[in-house]
**Student:** 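Provided herewith is a single structure, encoded as structure tokens, for subsequent inquiry.
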Amino acid sequence: MSADVNTPVGWEQARELAYQAGLAASAGAERIPLTAGDGRTLAEPLRALTALPAFPTSSIDGWAVRGTGPWRPVGRVLAGGTPPPLTEDGVCVEIATGAMVPDGAAALIRVEESVTGADGRVTGTPRPMPEWRLPGEEAELGEELLPAGAAVDPAVIGVAATCGYETLTVRPEPRAALLVFGDELLTAGPPGAGRVRDSLGPQVPAWLRRYGATITAVSGPVKDTLDAHLDAIRSALDTADLVCTTGGTMHGPVDHLHPALAELGAEYLVNTVGVRPGFPMLLARVPGPDGRPRFLAGLPGNPQSAVIALISLVAPLLAGLAGRPFTGDLPLVEAAVPVPGRGRDTHLALAALDPTGRTATPVGHVGSAMLRGLANAHGFVVVRPGVKVAAGDLVPFLPLPLLPGERA
Ligand SMILES: Nc1nc2c(c(=O)[nH]1)N[C@H]1C(S)=C(S)[C@@H](COP(=O)(O)OP(=O)(O)OC[C@H]3O[C@@H](n4cnc5c(N)ncnc54)[C@H](O)[C@@H]3O)O[C@H]1N2
Ligand code: MOO
């Protein structure tokens, strides 16, 4: 175990360490149907399998003409066909949007800008800008459209289809398991008589999915004994690249996480972080049954702190495991009011953005044991150690992975 229990890592450094550890462990590629690609990560650059467009393509309904008018129609070219060339001046073919422009055509004229005379001949003036798309205008054959590591979204699926792909070569999805520790936790009904509802078992898998993981197991509450912790962690490691645990990160009488990590031969990458809330979070590398490294993220038991550990350590780790790029740089927003710092630690202050997304106002109910503030915030204002934020200051903003329409 390398990291000193008494030396918290700086928050920014912790994020970078988590990302680099994930990237170093990212491996493999798989080929999947194009339509299954949403949310995955390209394992190799997406290159154009053909020039785009693949052939000269009419962008209008009208006439393809050769020589000077009036032109005598000699046929019709629809989308999907291969037209014969125009071999003499003074002829034209009727052409549809999307059809291949015949060799020999000098210009295209829109149907509404042409006149067909009583003798059947066509007159009109072509617009100065060509009305067809040239091969390679969008991409040359073999040109890189997106780099390896790019996230696949509906638009990426679309462009891949356009240039001929039926499958995509993507990184395997990082597999994550969740173990919830705490004998005091209820899994149904309201809290009382010293017991609280488990609020992490139900929400953490959903956050993990938003960060690109596939969930292999959720179990708990795991009994508060070292043996039960060890059994649960070992079996979760059989199927997951990352095991997230909740609770037990401190050194209380029934906090068995650290002894379990020692027993498993784990190596701490991060052991406590200089951030409030969330201080006792940890990330460890555990030897996997097949020799590949696995990871354990210890999320503190206080629910808001657990989510802060997810966004601080687990998000960059998963980005690394998926082979995606990651930057610690955050967008700047204006603080609507002063935001207190937390001395030598970074303060993550839950805040809501105004509709323009430019101004952040801290929300209420933000104790580390609370979730009400989280459910009303867009993310966290980041107050660096020793910084005092005054109203109007520009501050870094760490967004929650919300979808369009959420917190509208
Ligand atoms: N002597 C000290 N005690 C504590 C310190 C400290 O510095 N010195 N730090 C506090 C901080 S900060 C945090 S955060 C917590 C972290 O504790 P653990 O990770 O060991 O978590 P637990 O003790 O198991 O639980 C803490 C708290 O959270 C509730 N909890 C746990 N799991 C869940 C869940 N799934 N759903 C809802 N609530 C949960 C649990 O009941 C406790 O109230 O340690 C402080 N103590
Ligand atoms: O990490 Mo503790 O969350 O400050 O409550």
Side-chain angles (χ1 to χ4, degrees), residues 4-11 14 177-208 215 217-226 228-229 232-233 236 243-262 268 270-284 296-314 340-350 365-375 377 380 382-383 385 398:
D4 181 346
V5 179
N6 299 311
T7 314
V9 178
W11 182 73
L178 174 66
L179 301 177
V180 175
F181 298 152
D183 282 348
E184 77 281 20
L185 300 174
L186 295 167
T187 53
R195 305 190 67 187
V196 293
R197 263 298 287 279
D198 167 22
S199 61
L200 293 171
Q203 72 166 310
V204 169
W207 290 123
L208 288 170
I215 309 300
V218 178
S219 62
V222 175
K223 219 170 163 328
D224 274 341
T225 67
L226 180 56
H229 279 50
I233 296 173
V243 176
C244 293
T245 61
T246 64
T249 58
M250 292 299 296
H251 301 275
V254 289
D255 290 338
H256 300 296
L257 182 57
H258 290 275
L261 287 172
Y268 288 113
V270 171
N271 185 7
T272 72
V273 177
V275 66
R276 300 285 169 168
F279 170 82
M281 67 177 78
L282 66 87
L283 180 63
L296 185 142
L299 317 179
N302 277 328
Q304 194 205 140
S305 305
V307 174
I308 287 181
L310 273 176
I311 200 168
S312 300
L313 296 180
V314 173
R342 296 291 290 265
R344 286 180 307 165
D345 293 327
T346 294
H347 180 201
L348 295 188
L350 279 168
H365 311 288
V366 295
S368 60
M370 300 179 186
L371 289 171
R372 185 171 166 187
L374 185 77
F380 299 88
V382 179
V383 186
L398 178 68

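Not measured: the values here are computed from a predicted model. Read the numbers this way: they start at 1 and go in the same order the structure lists the ligands and their atoms.
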**Student:** Using a 4.0 Å cutoff against the non-hydrogen atoms of Asp198, which atoms of ligand 1 qualify?
**Tutor:**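 Close to Asp198: 34 (C), 35 (N), 36 (N).
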**Student:** Please report the closest heavy-atom contact between Pro277 and Leu348, naming both atoms and the distance.
**Tutor:**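 Nearest heavy atoms, Pro277 then Leu348: CD-O, 3.8 Å.
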**Student:** Measure the distance from atom 1 (O) of ligand 2 to every protein heavy atom, then report the residue, atom name and distance (to 0.1 Å) of the closest one.
**Tutor:**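 Scanning the protein heavy atoms, the shortest distance from atom 1 (O) of ligand 2 goes to Gly278 N, 2.5 Å.
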**Student:** Ignoring hydrogens and angles, tell me if any N or O in the side chain of Arg197 forms a donor-acceptor pair with the backbone of Gly189 under 3.5 Å.
**Tutor:**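 Pair found, side chain donor or acceptor close to backbone of Gly189.
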**Student:** Can you check side-chain contact (heavy atoms from CB on, under 4.5 Å) on Val196 and Leu185, steps first, answer last?
**Tutor:** CA-CA 5 Å; Val196 293; Leu185 300 174; 3.5 Å; yes
**Student:** May I ask you to test the Leu374-Phe380 pair for a side-chain heavy-atom distance under 4.5 Å?
**Tutor:**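 Touching, per the 4.5 Å side-chain cut-off.
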**Student:** May I ask you to check whether Glu184 has an N/O atom sitting below 3.5 Å from an N/O atom of ligand 1?
**Tutor:** yes
**Student:** Find all atoms of ligand 1 within a distance of less than 4.0 Å from any non-hydrogen atom belonging to Ser199, and give their numbers and elements.
**Tutor:** 36 (N), 37 (C)
**Student:** I'd like to check which ligand 1 atoms, numbered from 1 as shown, lie under 4.0 Å from a non-hydrogen atom of Val180.
**Tutor:** 35 (N)
**Student:** Report yes if Gly301 has an N/O atom closer than 3.5 Å to an N/O atom of ligand 1; otherwise report no.
**Tutor:** yes
**Student:** Can you check whether a protein heavy atom sits less than 4.0 angstrom from atom 1 (N) of ligand 1?
**Tutor:** no
**Student:** For Met250, is at least one N or O under 3.5 Å away from an N or O on ligand 1?
**Tutor:**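 By distance alone, the answer is yes.
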**Student:** Under 4.0 Å, counting heavy atoms only: does Gly182 come that close to any atom of ligand 1?
**Tutor:**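 Outside the 4.0 Å threshold, so no.
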**Student:** Which heavy-atom pair separates Leu350 from Ala377 by the least distance, and what is that distance?
**Tutor:** CD2-CB, 3.8 Å
**Student:** At less than 4.0 angstrom from any non-hydrogen atom of Phe279, what atoms of ligand 2 do you find?
**Tutor:** 1 (O)
**Student:** Please confirm whether Pro280 comes within less than 3.5 Å of ligand 2 when only nitrogen or oxygen atoms on both sides are compared.
**Tutor:**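 In fact, backbone or side chain, Pro280 has no N or O that close.
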**Student:** Suppose we measure from atom 12 (S) of ligand 1 to each protein heavy atom; which comes out shortest, and what is that distance?
**Tutor:** Pro280 CD, 4.1 Å
**Student:** Taking C-beta and beyond as the side chain, do Pro8 and Val273 meet within less than 4.5 Å on heavy atoms?
**Tutor:**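 The answer is no; the side chains never approach within 4.5 Å.
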**Student:** Would you mind checking which non-hydrogen protein atom is closest to atom 23 (O) of ligand 1, with the distance to 0.1 Å?
**Tutor:**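 Its nearest protein heavy-atom neighbour is Asp255 OD1, 4.0 Å.
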**Student:** Return yes if some donor-acceptor pair links the side-chain N/O of Gln304 with the main-chain N/O of Val366 below 3.5 Å, else return no.
**Tutor:**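 Yes.
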**Student:** Check whether His347 reaches the backbone of Pro340 with its side chain - one donor and one acceptor, N or O, closer than 3.5 Å.
**Tutor:** yes
**Student:** For atom 43 (O) of ligand 1, what is the nearest protein heavy atom, given as residue, atom name and distance?
**Tutor:**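 Of the protein heavy atoms, Asn302 OD1, 4.3 Å lies nearest.
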**Student:** Would you mind listing which atoms of ligand 2 come within a distance below 4.0 Å of any non-hydrogen atom of Ser368?
**Tutor:**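 In order of numbering, the contacting atoms are 3 (O), 5 (O).
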**Student:** Would you mind telling me if ligand 2 is within reach of the side chain of Pro277, the backbone, both or neither, using heavy atoms under 4.0 Å?
**Tutor:**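 For Pro277, the contact with ligand 2 is made by both the backbone and the side chain.
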**Student:** May I ask which of Asp224, Leu200, Thr249 has a heavy atom nearer to atom 19 (O) of ligand 1 than the others do?
**Tutor:** Thr249
**Student:** Protein heavy atom under 4.0 angstrom of atom 10 (C) of ligand 1, is there one?
**Tutor:**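 Answer no: nothing from the protein, no heavy atom, is under 4.0 Å.
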**Student:** Any heavy-atom pair between the side chains of Arg342 and Val383 that's under 4.5 Å?
**Tutor:** no
**Student:** Measure the distances from the heavy atoms of Ala369 to every atom of ligand 1 and state whether one is below 4.0 angstrom.
**Tutor:** no
**Student:** Do the side chains of Leu179 and Thr246 get nearer than 4.5 Å, heavy atoms only?
**Tutor:** no
**Student:** What do you reckon, does Arg197 put a non-hydrogen atom under 4.0 Å from ligand 1?
**Tutor:** yes
**Student:** Are the side chains of Leu398 and Trp11 in contact, using a 4.5 Å heavy-atom criterion?
**Tutor:**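 With C-beta onward as the side chain, the pair touches.
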**Student:** Side chain, backbone, both or neither: which applies to Leu185 and ligand 1 if a contact is any heavy-atom pair less than 4.0 Å apart?
**Tutor:** side chain
**Student:** Do the side chain of Asp224 and the main chain of Asp183 share a donor and acceptor less than 3.5 angstrom apart?
**Tutor:**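 The answer is yes, because a donor-acceptor pair under 3.5 Å joins these two groups.
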**Student:** For atom 38 (N) of ligand 1, grab the closest protein heavy atom and report residue, atom and distance to one decimal in Å.
**Tutor:** Pro303 CG, 3.7 Å
**Student:** Only heavy atoms count here, so choose which of Ala369, Pro303, Ser305 is nearest to atom 2 (Mo) of ligand 2.
**Tutor:** Ser305
**Student:** Do you know which two heavy atoms are closest between Ala284 and Leu261, and how far apart they sit?
**Tutor:**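 Ala284 and Leu261 have their closest heavy atoms at CB-CD2, 4.2 Å.
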**Student:** Closer than 4.0 angstrom: is that true for some heavy atom of Gly248 and an atom of ligand 1?
**Tutor:** yes
